[in-house]
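Working notes, beginning with the structure itself.
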Amino acid sequence: MAHNVDSESAVDDVLEQAVAAGAQLVKPGRKTSWGGYAGYFADPDGYLWEVAHNPFFWVGPKDEEG
């Protein structure tokens, strides 16, 4: 599973929130080979989640400016 966010700092924030809620940090946020930023946690049921920021593509509604 993956959760996409709009900045590198948001990746770190979501990972921190997940750990505070009982998840296990698997890989802290860091730069990726493809130019993004991502980290991983396992939820209490053991499912692995990726939290990622892709500066080249956004999945979601456009900003009001865009």
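The figures that follow rest on heavy atoms only: side chains count, while hydrogens, waters and symmetry mates do not.
In this structure, Pro55 and Gly36 approach most closely via the heavy-atom pair CD-CA, 3.7 Å.
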Anything under 3.5 Å between a donor and an acceptor, one on a side chain of residues 12-22, the other on a protein residue two or more places apart or in another chain? List them.
from  : atom 1 : to    : atom 2 : distance (Å)
Asp12 : OD1    : Tyr37 : OH     : 3.0
Asp12 : OD2    : Tyr37 : OH     : 3.1

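Taking CZ of Phe41 as the reference point, atom CD of Gln24 lies at 11.5 Å (rounded to 0.5 Å). With rounding to the nearest 0.5 angstrom, the CZ atom of Arg30 is 13.5 Å from the CD atom of Glu8. The line from NE2 of His53 to CG of Asp6 is 7.5 Å long, rounded to the nearest 0.5 Å.
Sorted by first and then second residue, the salt bridge (Lys or Arg N to Asp or Glu O under 4.0 Å) pairs involving residues 35-50 (not counting sequence neighbours) form an empty list.
By the criterion of side-chain heavy atoms lying less than 4.5 angstrom apart, applied directly or through intervening Ile, Leu, Val, Met, Phe, Trp or Tyr residues, Trp34 is not grouped with Val5; the two fall into different hydrophobic clusters. Phe57 and Val11 fall into different hydrophobic clusters, defined by Ile, Leu, Val, Met, Phe, Trp and Tyr side-chain heavy atoms under 4.5 Å apart, directly or through other members.
Grouping Ile, Leu, Val, Met, Phe, Trp and Tyr by side-chain contacts under 4.5 Å, direct or through others, puts Tyr40 with Val26, Leu48.
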